[in-house]
There are 2 protein chains.
Amino acid sequence: MSPSIEDVARRAGVSIATVSRSLRGLPDVAESTRDRVLTAARELDYVASPFAARLASGRTSTVGVVVPFVDRWFFAQVLGGLERELQAGGFDLLLYNLGDTPGRERFFTVMPARKRVDALLVASLVLTDMELEALKTLNCPIAMLGVEVEGVLCTGIDDRAGARVAVEHLISLGRRSIALIGGDTEDPMRFTPPLYRRDGYLQALSAAGIEYDPRMDELGYFTVAGGEQAMSTILQREPRPDAVFAESDEMAYGAMRAIRRAGLRVPEDIAVIGFDDHESAELLDLSTIRQDVSAQAGVLAKRLLNVLAGETETATAELLPTELVVRGSTDPSRSSY
Amino acid sequence: MSPSIEDVARRAGVSIATVSRSLRGLPDVAESTRDRVLTAARELDYVASPFAARLASGRTSTVGVVVPFVDRWFFAQVLGGLERELQAGGFDLLLYNLGDTPGRERFFTVMPARKRVDALLVASLVLTDMELEALKTLNCPIAMLGVEVEGVLCTGIDDRAGARVAVEHLISLGRRSIALIGGDTEDPMRFTPPLYRRDGYLQALSAAGIEYDPRMDELGYFTVAGGEQAMSTILQREPRPDAVFAESDEMAYGAMRAIRRAGLRVPEDIAVIGFDDHESAELLDLSTIRQDVSAQAGVLAKRLLNVLAGETETATAELLPTELVVRGSTDPSRSSY
DNA sequence: GTGAAAGCGCTAACAT
DNA sequence: ATGTTAGCGCTTTCAC
C-alpha cells in the first residue's frame with residue numbers, strides 16, 4: 001500500500017491534523033513544522049487520497065464539463081481552454097459528451113454528474129426549461145459558454161456585432177446585394193448564434209440603407225452541404241447577389257463550392273465571408289470573423305473557479321472581442337493563389 | 001443533505017449491507033428484498049456517493065485519458081470514441097491534456113492521475129523510457145492508441161499497409177514518378193506514423209519496380225505550411241513528379257496549394273493523395289486513406305474495460321482496417337468541381 | 001439471505 | 001501552534 005497520512009505524521013513526529021494543515025498550506029503552522037512535514041511527505045512520496053479528502057470535506061475539486069459533441073472543432077477548442085484553467089486551479093475535469101439526442105436525454109435524466117462535481121460547465125447548449133431544472137437539482141454553480149441564462153455565469157462573444165462587421169466589410173467593398181446563409185432561427189434547440197448573427201446582418205444592411213431581400217436569404221443548417229444547397233438555391237433566382245455572408249465558415253465553404261460550380265468566381269463575381277475562423281478558413285482563403293473559443297472557455301473557467309473560491313461575481317455575462325480577418329474570398333489582392 | 005444509504009436501509013427495513021448489495025446487483029439477495037430496496041432508493045431519489053464507495057472499495061471507476069492536444073482533429077475523435085465506451089461501462093473519464101512540452105513534463109513528474117484512476121489510456125504518444133517508468137508507478141493497466149509497447153494494451157491501424165495502398169493507387173493511375181512528403185523519422189518524439197508510412201511508400205515503389213529518388217522526398221512536418229514548403233522545394237527540382245503521397249491530409253493540402261501556385265493542375269499534372277480522411281478532405285476533394293479514429297478509440301476502451309473486469313487479454317496489439325477513398329485529387333472524373 | 005461492525009484515509013471542530 | 005476525535009458514506013468480512 002502507498003503511505004497514508006499517518007505514516008507521514010509518524011515520520012515528521014506530529015499529528016495527522018498538522019500534516020493535513022501543512023500539506024494544504026493552511027495557516028497556523030510553524031514554519032519549521034511545515035518543513036518537517038513537507039520533507040517527510042517527499043521522502044515517503046506521499047500523495048493524499050483525493051477520495052478520502054472529498055468524502056471528509058464534501059468538496060470534490062472536480063468540474064463537470066458538458067459538450068454536445070467533442071469531435072467538432074468548436075468544442076475541442078472549448079475543452080482545450082477549460083482543461084488548461086481547471087488543471088491550473090487544481091480541479092479535475094470530468095467529461096460528459098452528449099453525442100446525440102438519446103445521449104442528451106440520458107444525461108439529463110440519469111444525471112451522472114450527481115455527487116461528483118463542485119460545478120458544471122455547459123458548452124453552447126441552449127437548454128430546455130426542464131433540462132435547466134434538472135441541472136439546478138445538482139445544487140452547484142453552473143456556467144454556460146455562449147448562452148445567457150438568468151442566474152448562470154456566462155462568457156461568449158457578441159455575435160451581433162461580429163455579424164455586423166462582416167456585412168459592413170462586404171459593403172465597404174462596394175457590394176450592395178448581399179445574401180445571407182444562416183441557421184434555423186425556429187429550431188427547437190434554439191442555438192443563439194443564428195438569431196444574433198442574422199440580427200447583425202439586418203442591422204448592417206439597414207445602416208447602409210440597403211433593403212432586406214428575402215430571395216437572398218436561405219437556410220444552410222450550419223453544415224457544408226447545407227451551405228452549398230442554400231447557395232445553389234439563391235443562384236437560381238434573380239437577381240444574383242454580389243456577396244454572401246454565411247453565419248459559419250462551414251456554410252461559407254459550401255457556398256464557395258456552389259459558386260464555383262456555377263462557373264462564377266470568388267470574389268470577383270461573388271464575395272464570401274464566414275464566421276468563426278475555423279482552422280481551415282485560412283487554407284480555403286476564406287475571409288471571416290475570428291473568435292478565440294479557447295480564450296472564452298478559459299475566461300469562463302477562471303470565473304467559475306473564482307465563484308467556487310467564494311468570490312461573489314458581479315457580472316453574469318462577459319463578452320470577448322471578435323476580429324475581422326480579410327482573405328482572398330472577399331479581397332482578390334489577398335488571395336493566396 | 002441528500003439521502004444516505006442509511007435512509008434507504010431504514011425505509012426498506014433492512015441493513016445498509018443489504019442495501020449496498022442490492023443496489024450493486026450482487027448475488028445472495030432475495031428477489032423480494034432487492035425490490036423493496038430498489039423501491040426505497042427510487043422513492044428517496046438516492047444515488048450512492050461515488051467517493052465514499054471509492055474510499056471503501058479502493059476502486060475508482062475512473063479512467064484517465066492522456067492526450068497531447070485536445071484541440072486537434074485526431075484527438076478530438078479519440079476522445080469521442082473513448083467517452084462513449086467509458087460512459088457505457090460506468091466509468092468516469094478524467095481528461096489530461098498535455099498541451100506542450102512543459103505541460104508534458106509536468107504531467108510525468110507531478111503525476112496528477114495518482115490515486116485517481118483505475119487505468120490510464122494514452123493517445124498516440126510515443127513515451128520515453130522515463131515516462132513509461134513513471135506511468136508504471138501508477139500500478140494500473142495502461143492502454144495506448146496507435147503505439148505498440150511491450151506489456152501495454154494497444155489498438156491502432158496498419159500504417160504501413162495504408163501507405164502502400166495509397167501509393168499503389170497512384171501507380172495504378174499510371175504515375176511512376178511519385179514524391180513523398182512526410183514527417184521527420186528522426187524526431188525525438190518518435191511518432192510512429194512517419195516511420196511506418198514511409199516504409200509503406202518504399203515497399204509499394206519497390207514492388208512496382210520503381211526506384212526511390214531522394215530528390216522526391218521532403219519533410220512536411222505534418223502541417224499544411226510544411227507540406228506546401230516541401231512541395232515547392234520538390235517542384236524546383238528536376239524531374240518533376242507526376243504524383244505525391246503525403247503522409248497526412250494536412251500536408252496534402254499544402255502540397256495542392258503549392259502545385260496550383262506553380263500553375264500546375266491537380267490531378268492532371270500531379271496527382272495528390274493524403275492520409276487520414278480528415279473532415280475537410282472531402283471538401284478539398286482530396287483522395288486519401290481513411291481511418292476510423294473514433295472506432296479505434298472505442299475498441300481500445302472496450303478492451304481496457306475488459307481487463308479491468310478481470311478478463312485476461314491475449315493479444316496485446318489489435319489493428320483496425322483502413323480504406324482507400326478516391327476523390328478528384330487523383331481521379332479527375334471524380335472531381336466535385 | 002441478512003446484519004453487525006470494522007475500516008477506507010482523510011477533514012474539521014474543538015480542546016489545549 | 002498543535003493534538004484529539006468524531007465523522008464523511010460507503011464496502012467488506014465475518015457471524016448468524
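Chain A is the first sequence line, chain B the second, and so forth, proteins listed ahead of strands; every chain is numbered from 1.
- In terms of phosphate contacts, B:Thr18 brings a side-chain nitrogen or oxygen within less than 4.0 Å of OP1 or OP2 of C:dG3.
- With B:Thr60 contributing its side chain and B:Asp118 its backbone, the two residues share a donor-acceptor pair below 3.5 Å.
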Would you be so kind as to tabulate the donor-acceptor pairs closer than 3.5 Å made by side chains of residues 66-78 of chain B, with sequence neighbours excluded?
none

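- From one end of the helix from C:dG1-D:dC16 to C:dT16-D:dA1 to the other, with five pairs defining each end axis, the axis direction shifts by 30° (rounded to 10°).
- Remark: B:Phe91 engages no residue in a ring-ring contact (aromatic ring centres under 6.0 Å, His included) (not counting sequence neighbours).
- If you take CZ of B:Arg10 and C1' of C:dG3, they are 15 Å apart, rounded to a whole angstrom.
- Remark: P of C:dA15 and CG of A:Asp28 are 17 Å apart, rounded to the nearest angstrom.
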What does the list of N/O pairs under 3.5 Å between the protein and nucleotides 9-12 of chain C look like, with a distance for each?
unit_1	atom_1	unit_2	atom_2	d
C:dG9	N2	A:Ala52	O	3.4
C:dC10	OP1	A:Tyr46	OH	2.7
C:dC10	OP2	A:Ile5	N	2.8
C:dC10	O5'	A:Tyr46	OH	3.0
C:dT11	OP2	A:Ser20	OG	2.3
C:dA12	OP1	A:Arg59	NH2	2.3
C:dA12	OP2	A:Arg24	NH1	3.0

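- Judged as a side-chain hydrogen bond (donor to acceptor under 3.5 Å, both in side chains), and not counting sequence neighbours, the contacts of A:Asp159 are A:Arg197.
- With sequence neighbours left out, A:Arg106 forms a side-chain hydrogen bond (donor to acceptor under 3.5 Å, both in side chains) with no residue at all.
- Straight-line distance from the CZ atom of A:Arg34 to the C1' atom of D:dT2: 13 Å, rounded to whole Å.
- Partners of A:Glu105 under the salt bridge (charged side-chain N to carboxylate O under 4.0 Å, His left out) rule, at least two apart in sequence or in another chain, do not exist in this structure.
- Summarising the geometry, the separation between CG on B:Asp7 and C1' on D:dC10 is reported as 13 Å, rounded to the nearest angstrom.
- Considering only residues two or more places apart in sequence or on other chains, B:Phe108 meets the ring-ring contact (aromatic ring centres under 6.0 Å, His included) condition with none of them.
- Applying the salt bridge (charged side-chain N to carboxylate O under 4.0 Å, His left out) rule to A:Asp7 yields the partners A:Arg10; only residues at least two apart in sequence or on another chain are considered.
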